[in-house]
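Shown next, in structure tokens, is the structure this report addresses.
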Amino acid sequence: MFNRDRWKEILEVLSSNWFRTLLTAFGVFWGILILIILLAAGKGLENGIKSDFGDIATNTMFMWSRNTTKAYKGLPNNRSYSFKLEDVTAIKDHVPHLRFISPRNQLGGFRGANNVVRGIKTGAFNVYGDYPEIINQDPMTITSGRFINHSDIADKRKVAIIGEGVRTSLYDVGEDVMGSYIKIQGVNFMVVGTYKKKANDGDGEEGQNQIFIPFTTFSQAFNRGNDVGWMAITAMDGHSISDLKERIIAIVKENRKIHPDDTRAVGYFDLYEQYNRVESLFAAMKLIAYFVGILVLLSGIIGVSNIMLIVVKERTKEIGIRRALGEDPWSIRKQILMESIFLTLFSGMAGIVFGALFIYGVNTLLELNGPVDMFINPSVSLGVVTGAMVILIVSGLLAGFIPAQSAIRVRPIEALRND
Amino acid sequence: MIEIKDLHKSYTMGSNVLHVLKGINFKAEDGELVAIMGSSGSGKSTLLNILGMLDEADSGEYTLDGVPIRDLTETKAAKYRNKFLGFVFQSFNLINYKNALENVALPLYYQRMPRKERHDKAMKYLEQVGLKEWAHHLPSELSGGQKQRVAIARAMAAEPKLLLADEPTGALDSTTSYEVMDLIQKINDAGNTILVVTHEEDIAHMCKRIIHLRDGVIVKDEKVEQVRASAYV
Ligand SMILES: Nc1ncnc2c1ncn2[C@@H]1O[C@H](COP(=O)(O)OP(=O)(O)O)[C@@H](O)[C@H]1O
Ligand SMILES: [Mg+2]
């Protein structure tokens with residue numbers, strides 16, 4: 001099938017009119033190029049926006065208490081309440097498929113007063129009482145020492161992990177941090193680790209200005225009793241937190257004696273839902289890229305089909321001769337199909353290569369000129385390239401099909417007629 | 001070798017029906033050299049094309065080398081043409097982007113003969129028609145007589161049972177015509193069966209038998225004393 005003579009003939013036929021072949025090839029080249037560039041651009045945008053989510057476990061919801069908006073069981077409207085540790089246990093016991101539940105308490109906050117002192121230096125930082133698991137839900141890189149561990153929780157140790165921003169505010173350059181003490185609202189904590197968070201645009205600064213201490217220590221040191229200010233809840237892979245959300249909130253409402261219809265009393269943010277919304281946006285973009293790319297490609301393929309028809313027409317006599325000499329009609333059909341596939345595949349591959357070079361160029365420019373907001377590493381996967389190849393082969397077949405049929409439809413006797 | 005019985009063929013053009021062959025009967029034995037003569041439009045080519053399975057008769061029987069030829073699919077016809085038949089046309093019908101050698105090798109390629117063997121065999125036939133030196137020339141670089149010799153070499157390369165030539169000298173001057181006829185006679189001398197369509201008396205008399213065709217029927221079928229073309233070359 002792929003013998004030397006066939007290849008020779010394919011090349012002979014396609015090179016007999018270079019200009020025409022190139023023009024035809026350009027149609028397919030252009031279609032594939034546009035498809036690749038659109039997909040790569042979409043991917044770049046996707047990468048850019050997804051990097052804003054960081055490494056955070058996206059199957060996560062955050063939940064906090066607000067004032068009630070309905071009176072219930074003799075309790076007044078607009079009552080302020082707090083989640084309790086029992087709520088955490090209740091959720092753990094009654095909602096399956098949860099991976100992490102991290103209760104958290106918080107001191108300070110946006111534009112809070114100075115609350116941390118070290119020697120003569122002071123600063124206003126967010127101080128969190130957390131469980132070790134929070135590092136999966138609110139990812140950070142530990143740059144020295146360690147994060148909170150379960151012994152810290154059990155022993156209520158007065159240890160703290162501070163952000164790089166805290167370190168610059170409270171320490172001199174080169175000063176040793178580990179083992180030093182800071183005073184948070186009058187309570188001494190020993191620094192056992194430092195972290196750095198990925199700079200998500202906007203709150204990059206804020207993210208480095210946090211202090212993490214064990215949840216139990218926090219509760220005791222700052223008199224929170226059983227109160228829980230905030231929870232981060234992550235579902236197991238394969239289960240969506242969005243589906244579990246209702247039950248979690250219902251449990252909390254029941255425990256806190258909140259009217260079941262009070263939709264405002266429990267505040268939450270469903271990261272998974274947001275993430276899915278973004279995901280589906282990108283799926284739509286990908287669809288549009290394929291749609292546009294394939295339409296452009298289609299016009300290229302119609303061009304190939306058209307040219308193959310003309311080639312067949314021009315070669316009517318030759319095909320007649322070959323059939324008189326005893327060439328099998330299938331062999332002729334195969335020849336036309338292979339010419340068409342070859343032309344399509346070759347120009348398509350040129351398009352892919354050119355597209356890859358283009359993407360490479362854009363990436364190099366991006367690297368040279370620093371990051372661009374919301375656009376990172378435009379690329380196409382190997383899967384897309386393989387897909388494009390399959391599309392090309394199929395379209396080459398389709399493009400060649402009608403011409404191949406028309407090549408053998410003419411009876412040899414008619415093809416040979418002299419006029 | 002060939003036997004046809006009551007062969008009919010008509011062409012329909014719009015509402016007109018042109019009855020070209022109106023019941024042709026004849027037999028040709030192995031090793032014959034037959035001329036089919038008749039004026040232009042008398043149906044000579046039509047008959048030859050039916051014999052060559054390039055066209056199909058409306059009715060009648062056709063047996064080639066003991067094989068009844070009927071209900072031909074295109075694939076089967078192609079196989080028979082390749083195995084049984086060699087064609088020589090008035091307009092040579094060489095493939096213009098292939099050189100002489102490649103043209104001669106074509107029928108062998110369709111037989112799936114390996115490249116080397118095909119090449120050697122084609123070269124042998126080119127040598128027989130005296131064009132070994134021209135093997136790598138394109139048809140456009142050859143004279144009319146040379147082209148027809150390449151075509152004859154191509155027709156013979158597959159070693160067919162029957163050689164069909166439709167006005168092989170029609171496009172050639174008389175000297176070249178005789179050279180070509182000389183070649184055809186030599187091929188016949190070697191035992192090959194050949195049918196030559198012509199409307200030229202002198203060419204017809206270089207065959208051994210002449211069939212005269214008029215108005216779609218055979219009007220005369222005669223054995224003749226063969227005039228050797230070599231006498232004129
Ligand atoms: N495909 C065709 N359709 C219609 N008429 C045809 C066709 N082929 C041949 N003819 C007609 O049939 C007649 C015989 O043609 P042909 O066999 O070529 O004659 P010859 O070869 O003896 O000159 C001519 O009148 C020609 O016009
Ligand atoms: Mg004729």
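Reckoned from all heavy atoms, side chains included, excluding hydrogens, waters and symmetry mates. Letters go in sequence order (proteins before strands), and every chain restarts at 1.
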Any donor and acceptor pair, going by atom type alone, linking the side chain of A:Arg323 with main-chain N or O of B:Ala78 inside 3.5 Å? no
For B:Tyr11, does the OH atom sit with more than 12 other heavy atoms under 6.0 Å from it, leaving out its own atoms? yes
State whether B:Glu74 and A:Arg411 are salt-bridged, where the test is any N-O pair (Lys NZ or Arg NE/NH1/NH2 against Asp/Glu carboxylate O) under 4.0 Å. no
Close side-chain approach of A:Lys317 and B:Ser91, heavy atoms under 4.5 Å: yes
Nearest-0.5 Å distance, CD1 of residue A:Ile413 to CD1 of residue B:Ile50: 9.0 Å
Can you tell me which portion of B:Leu85 sits under 4.5 Å from chain A's heavy atoms? Options are side chain, backbone, both or neither. neither
Proximal component of B:Phe89, with respect to chain A [non-hydrogen, under 4.5 Å]: side chain
Using a 4.5 Å cut-off on heavy atoms from C-beta on, say whether the side chain of B:Asn93 contacts that of A:Glu318. no
Say you draw a straight line from CG of B:Leu106 to CG of A:Leu325; how long is it, rounded to the nearest 0.5 Å? 6.0 Å
Please state whether the side chain, the backbone, both or neither of B:Arg112 comes within less than 4.5 Å of a heavy atom of chain A. neither
Has B:Lys79 got more than 12 heavy atoms of other residues, nucleotides or ligands less than 6.0 Å from its NZ? no
Atom CZ of residue position B:Arg214 - does it have more than 12 heavy atoms of other residues, nucleotides or ligands inside 6.0 Å? no
CD1 on A:Ile321 to CG on B:Asn103, rounded to 0.5 Å: 8.0 Å
Over 12 foreign heavy atoms within 6.0 Å of CD1, A:Ile402: no
Per the ring pair (Phe, Tyr, Trp, His ring centres under 6.0 Å) rule, what does the pair list look like for residues 326-356 of chain A, sequence neighbours excluded? A:Trp7-A:Phe342, A:Phe29-A:Phe354, A:Phe342-A:Phe346
Taking atom CZ of A:Phe401 as the centre, report whether more than 12 heavy atoms of other residues, nucleotides or ligands fall under 6.0 Å from it. no
Interatomic spacing from CD in A:Glu414 to CG in B:Asp55 - rounded to 0.5 Å: 8.0 Å
Is it the side chain or the backbone of B:Gln111 that comes within 4.5 Å of chain A heavy atoms, both, or neither? neither
Looking at side-chain heavy atoms only, is the closest gap between B:Tyr97 and A:Val13 below 4.5 Å? yes
Please say whether more than 12 non-hydrogen atoms of neighbouring residues, nucleotides or ligands are located less than 6.0 Å from CG in B:Asp6. yes
Answer with side chain, backbone, both or neither: which region of A:Arg315 has an atom nearer than 4.5 Å to a non-hydrogen atom of chain B? side chain
Out of B:Lys76, B:Lys98, B:Met53, which one racks up the most heavy-atom pairs below 4.5 Å with chain A? B:Lys98
Going by atom types only, do A:Glu327 and B:Tyr109 share a side-chain donor-acceptor pair under 3.5 Å? no
Minimum heavy-atom distance B:Arg81-A:Pro412, with the two atoms named: NH2-CG, 4.0 Å
Does A:Asp5 come within less than 4.0 Å of B:Arg115, counting only side-chain N to carboxylate O? yes
